[in-house]
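Remarks on the structure that follows.
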Amino acid sequence: MNRAENPKSDPGNLFPGRILRWYASRKRDLPWRRTKDPYRVWISEIMLQQTTVGVVIPRYHEWLAAYPDLDSLAKAPLRKVLKSWEGLGYYQRARNLHRAAGLIVRDCGGRFPRDTEGLAGLPGFGSYTASAVASICFSRPVPVVEANVRRVMMRMLGIQGRGGPAVDARIRRFLEGAISRRSPGNFNQAMMEWGALVCRPKNPFCLRCPGRALCRAYARGEQEVIPAPKTLRAERLQAVVAVLRNGGRVLIQKRPEKGLLAGLWEFPGGKVEPGETLRTALARELKEELGLGLASVRPFATVRHAYTRYLVTLHAFEAKPAGGLNAVRPGNRPVRWVAVKSLDRYPFPSGSLQIVRLLQSE
DNA sequence: AATCCGGGGGA
DNA sequence: TCCCCAGGATT
């Protein structure tokens, strides 16, 4: 084992001493760092999954205003919880928050489990979140491995490639020997802050890095190519949706409870197949979903938004069905006529939300 | 180990 | 336009 892989022989006392001191002087003042309340820390950890700090900060405050404690979250209806999550993506996170809150209230007397194993049994608590809450709130000496820590340690240890479960396990073993016993929560946050502020994905600040002297990637000039970039390209696709009006109301339908954007609401429509025009695609979707023939269409708006690996151009049309509105024959999915003003009560994916906003600004 | 699951912001 | 983000669950 080379020197950098053995935290016991760490000549400059980089782990944990220098990292903790670096953190104490350079850390950002983030709202969730002002508390050890497991409820608040938990909310922040879930929101921060695959979501940037700048996006989370306002949403964190709004969430705590709506659900100040575990009990208020557990008692809230799921639709309201999903509405509160609107725009954050990965909506399973909101469902798991709601479920876990109910479980903690019901099975744990409203107290969070205080160790990693107990926490890991709750929905939405994976290895990262369980260790984060256990270390930050309950001072358990368990390291976390997420995107920042993975990048920092792959560079420090000179591990090439994209990383994966095996690399994470190796990093975790290293950090189990390096973590501060006295302030494991601060140590974990220090590692993440190191990755966020200094050991950034692109243009890392190597010259001001506390670990430069021990960094194998820096020694080899490989800091820009570790970790290796993912090579997944976004696929473009076109979609059409119909705004069906009935007086002041419009028709929306609920997506299935599983899969993409589960349980959210949207306007009827769907993907444009190869060879179709927008109009023929809309006619086909309205026939499939609502049993409607299409009498006339008028362009309403075009918006773009990103799905997981799709970049969608969403064409909305104001549509009049053949046979009038009484001809609507819904399929399996719940359908509602909702006053434009009341669309605020329903959770929509971001693309559909843009259409909602345009309707409400008319 | 590979995929699915969103959306926003920065470069 | 492309890349990445305080991951979890499923297969």
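Atoms considered below: every heavy atom in the structure, side chains included; atoms not considered: hydrogens, waters and symmetry mates. Just so it is clear: chains get the letters A, B, ... in the order the sequence lines come, proteins before strands, and each one is counted from 1. Just so it is clear, the model here is predicted, and its values are computed rather than measured.
Residues Arg33(A) and Gln189(A) have side chains that bring a donor and an acceptor to within less than 3.5 angstrom of each other.
Between Trp194(A) and Cys209(A), the shortest heavy-atom contact is NE1-SG, 3.3 Å.
Rounding to the nearest 0.5 angstrom, the gap separating the CG atom in Asp37(A) from the CZ atom in Phe112(A) is 7.5 Å. The CG atom of Leu311(A) lies 9.5 Å from the CD atom of Gln238(A); values are rounded to the nearest 0.5 Å. Leu20(A) contributes atom CG, which lies 12.0 Å from atom CZ of Arg18(A) (distance to the nearest 0.5 angstrom).
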Dot-bracket encoding per residue of DNA chain B, Watson-Crick/G-U cut-off under 3.5 Å, | denoting interstrand: |||||.|||||
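In the set dC5(C), dA6(C), dT1(C), the nucleotide with an atom closest to the side chain of Arg304(A) is dT1(C).
Taking the C1' atoms as reference points, dC5(B) lies 14 Å from dC5(C), given to the whole Å. With both ends at atom P, the span from dG8(C) to dG9(B) equals 23 Å, rounded to whole Å. With C1' as the reference atom, dA9(C) and dG8(B) are 23 Å apart, rounded to whole Å. Separation of the P atoms belonging to dG6(B) and dT11(C) is 16 Å when rounded to the nearest angstrom.
For residues 272-305 of chain A, the pairs satisfying ring-ring contact (aromatic ring centres under 6.0 Å, His included) are His305(A)-Tyr307(A), with sequence neighbours left out.
Arg93(A) forms no cation-pi arrangement with Tyr90(A), by the criterion of a distance under 6.0 Å to the ring centre and an angle within 45° of the ring axis.
A heavy-atom distance below 4.0 Å to DNA chain B is reached by these residues of residues 44-55 of chain A, ordered by number: Gln50(A), Thr51(A), Val55(A). Proximity of residues 84-92 of chain A to DNA chain B (heavy atom under 4.0 angstrom from any strand atom) is restricted to Gly87(A), Leu88(A), Gly89(A), Tyr90(A), Tyr91(A).
Counting distance only, with no hydrogens placed and no angle test, the side-chain atoms of Arg33(A) and the base atoms of dA6(C) include a donor-acceptor pair under 3.5 Å.
Atom P of nucleotide dT1(C) and atom CD of Glu235(A) are separated by 15 Å, given to the nearest angstrom. Spacing between atom CG of Asn203(A) and atom P of dC2(C) amounts to 19 Å, rounded to whole angstrom units. Between Met192(A) atom CE and dA6(C) atom C1' there is a gap of 5 Å when expressed in whole angstrom units. One interatomic measurement links the two molecules: CD1 of Ile43(A) to P of dA6(C), which rounds to 18 Å at whole-angstrom precision. The separation between Lys202(A) atom NZ and dT1(C) atom P is 16 Å, rounded to whole Å.
In this view, Arg345(A) satisfies the salt bridge (charged side-chain N to carboxylate O under 4.0 Å, His left out) rule with no residue, not counting sequence neighbours.
Residue Trp32(A) is classed as a base contact, given a heavy-atom separation below 4.0 Å to a base.
Nucleotides of DNA chain B that come within less than 4.0 Å of any heavy atom of chain A span, from the 5' end to the 3' end, dA1(B) to dG9(B).
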